[in-house]
Amino acid sequence: MLKQYLQFKLSQKLSPQQIQLMKLIQLPTQAFEQRLKQELEENPALETGKEERIDDYEDNFDNSQEDYNDNESITADDINVDDYLSDDEIPDYRTSANNYSADDDEKSVPYASGTTFTQHLINQLNTFRLNDEERDIAEFLVGSVDESGYIRRELIDIVDDLAFTQSVYTDETKVENVLKKVQQLDPAGVAARSLQECLSIQLHRKEKHPDIELAIKIIDQAFEKFTKKHYKKLMQKFDVNEEQLKDAIHEIERLNPKPGGSYAGNNRIVEHVVPDFAIKIVDGELELTLNGRNAPELHVSREYNNMLKGYKESKDKSKQQKDAVLFIKQKLDAAKWFIEAIKQRQQTLFVTMSSIMHYQKEYFLTGDERKLKPMILKDIADEIDMDVSTVSRVANSKYVDTPYGTKLIKEFFSESMTNDQGEEVSTREIKKILETVIEEENKKKPLTDEALSKILKEKGYPIARRTVAKYREQLDIPVARLRKTI
């Protein structure tokens, strides 16, 4: 039996322009510059520079693509060119304002130069005497090294892959023998299969003296005791005193646990944070500026302007002329929208950051993280009458230069909790206090989470042990046992 249902559904869809605007807002300064460059390359009606005028026009053009013959004459009334031209010399879409910094000298995005990490390793293989089979295996092993410098796969799996993908039929013993040669490459520790092996390789490369020899024994024979910081057991096992053990551990701490990460030529972009905003203290007041590189001077191409004038003054308007004007209109619309979108992006960024700055005024005036107020995205969204998702796009991808260093904006947001005085305090404030307590603890007897919980309660923050553990993990601080030193 067939049944008919009538269903009403209320939905809101963003237009392509709104989606593009959201993407523009999300872009940090360097990525925005790349997007601007792309738009200038793709739209000849859009130009950059201060010396040109910007031509105002309204979109009253008829978008209908009616059929007409090649010989059909088109009158001037078919396209209202005046709507696209203006004699007003004041640029309506100029994007300059007085709240942008002059920080626009360096506009290039730095890249790492040189060969890839993999190629760097393969080049070194040329210094070894290898037969064809060994070289095939060695190159395959090098290709299996990850960004950190490790080979994470089992040798038996590599043997299978060599057979299926390279038609190299071998066994684990041969692969392991070649692996030992690959592990002689620089940087020391590369191609290790575990942290223990990585540290061991580096130690065996060093000039031997008592501290290094003890360090080798610790890593090769008692790695688990070392990772768990069972120092008394290590002293008993190797019959050494506390000072000798301390010197050996110091040698281990100087090693590189990620040998691949130290190589600069792995074709990754070098991370250079460009602040999107700057906050300064001037005469005791906060002053906010938007990086000038976010405020380009844009205008509509004068050449396109002249094309429209030529069409308007032409007596006989052919199909080809109208096709050209349709194309020009499309590009002008895109240029107008992009200029307006950039202007809206600038306003959104500035208004959002200004609200955050005033909300956290005490922090920005002092730099004391304990003065950061509880603040969630909705607090700012309500204050500036924008969507939470818009505030999130600004906060998650933008940096601000402050008198206390360059900060990721989302770091200023935190949940709240109530102290023993009934006041709302920021969880960021509590984390800062927790961090300070751990920094000042006796490292020979580090504080347990239970002890930390008691200290925080004494300071007026009634926090459970499990909450302390959560905050400690968020701060990337290990448990007490792993913080212990000798």
Side-chain angles (χ1 to χ4, degrees), residues 17-43 46-50 93-113 267-282 286-299 335 337-360 364 377 380-381 384 386-387 389-413:
Q17 286 84 357
Q18 287 173 313
I19 293 171
Q20 288 298 318
L21 176 59
M22 289 298 101
K23 289 181 178 179
L24 279 176
I25 289 172
Q26 188 165 338
L27 294 176
T29 298
Q30 287 185 340
F32 169 71
E33 287 181 323
Q34 294 299 311
R35 176 67 181 87
L36 176 63
K37 181 181 177 182
Q38 178 188 349
E39 190 70 22
L40 286 166
E41 288 174 351
E42 293 177 358
N43 190 351
L46 185 68
E47 291 183 353
T48 183
K50 296 181 181 180
Y93 301 110
R94 185 172 299 280
T95 55
S96 62
N98 61 2
N99 54 5
Y100 307 125
S101 70
D103 182 22
D104 56 359
D105 295 332
E106 178 57 51
K107 294 196 175 185
S108 61
V109 181
Y111 285 83
S113 60
N267 273 11
R268 290 179 298 177
I269 296 177
V270 178
E271 294 289 341
H272 285 266
V273 172
V274 175
D276 305 272
F277 307 91
I279 292 177
K280 296 178 182 178
I281 301 173
V282 180
L286 297 175
E287 184 180 278
L288 174 67
T289 54
L290 178 64
N291 190 321
R293 291 157 67 172
N294 289 289
E297 294 278 355
L298 297 175
H299 60 268
W337 173 83
F338 192 74
I339 292 169
E340 284 295 328
I342 286 179
K343 193 159 122 180
Q344 194 167 339
R345 174 183 183 271
Q346 293 162 8
Q347 292 170 345
T348 302
L349 295 187
F350 193 82
V351 167
T352 304
M353 188 63 227
S354 181
S355 177
I356 293 170
M357 181 183 73
H358 288 103
Y359 203 99
Q360 301 290 5
F364 286 114
L377 295 172
I380 300 302
I384 61 178
M386 287 187 184
D387 195 82
S389 63
T390 303
V391 177
S392 175
R393 283 181 171 87
V394 175
N396 286 333
S397 59
K398 306 289 185 300
Y399 287 83
V400 58
D401 182 28
T402 75
Y404 325 106
T406 300
K407 310 285 186 181
L408 182 62
I409 294 169
K410 73 175 181 180
E411 292 177 0
F412 303 130
F413 290 85

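Because the structure is a prediction, the values reported are computed rather than measured.
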How far apart are the closest heavy atoms of [X] and [Y], and which atoms are they?
X: Phe413; Y: Ile380; answer: CE2-CG1, 4.0 Å
X: Ser397; Y: Asp276; answer: O-OD2, 4.2 Å
X: Ile409; Y: Val394; answer: CD1-O, 4.3 Å
X: Ala335; Y: Asn43; answer: N-ND2, 3.3 Å
X: Met22; Y: Arg393; answer: O-CD, 3.5 Å
X: Ile25; Y: Leu349; answer: O-CD2, 3.9 Å

Residues two or more places apart in sequence or in another chain: which of them pass ring pair (Phe, Tyr, Trp, His ring centres under 6.0 Å) with Phe364?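 Scan of Phe364 (ring pair (Phe, Tyr, Trp, His ring centres under 6.0 Å), adjacent residues dropped) gives Phe412.
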For Lys410, I'd like to know if atom NZ has over 12 heavy atoms of other residues, nucleotides or ligands within 6.0 Å. no
Do side-chain atoms of [X] reach the backbone of [Y] as a donor and acceptor pair under 3.5 angstrom?
X: Lys398; Y: Gln26; result: yes
X: Ser355; Y: Val351; result: no
X: Arg345; Y: Leu27; result: yes

Taking the basic N atoms (NZ, or NE/NH1/NH2) and the acidic carboxylate oxygens, is any pair closer than 4.0 Å for Glu33 and Lys37? no
How long is the gap from [atom1] on [X] to [atom2] on [Y], to the nearest 0.5 Å?
X: Ile384; Y: Phe350; atom1: CD1; atom2: CZ; answer: 12.5 Å
X: Leu408; Y: Asn396; atom1: CG; atom2: CG; answer: 7.5 Å
X: Leu21; Y: Glu340; atom1: CG; atom2: CD; answer: 11.0 Å
X: Leu288; Y: Thr402; atom1: CG; atom2: OG1; answer: 12.0 Å
X: Met386; Y: Thr352; atom1: CE; atom2: OG1; answer: 5.0 Å
X: Phe32; Y: Leu36; atom1: CZ; atom2: CG; answer: 5.0 Å

From CA spacing to verdict: side chain to side chain contact (heavy atoms under 4.5 Å, CB included), Tyr399, Thr29: CA-CA 9 Å; Tyr399 287 83; Thr29 298; over 6 Å; no
Please report the C-alpha distance between Asp401 and Asn291 in whole Å, then the side-chain angles of each, then the deciding distance to 0.1 Å, and finally whether the side chain to side chain contact (heavy atoms under 4.5 Å, CB included) criterion is met. CA-CA 10 Å; Asp401 182 28; Asn291 190 321; over 6 Å; no
Is there a side-chain contact between Gln344 and Leu24 (heavy atoms, below 4.5 Å)?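 No, every pair of side-chain atoms sits at 4.5 Å or beyond.
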Determine whether Ile279 and Met353 satisfy the following criterion, side chain to side chain contact (heavy atoms under 4.5 Å, CB included), listing intermediate values before the conclusion. CA-CA 10 Å; Ile279 292 177; Met353 188 63 227; 3.9 Å; yes
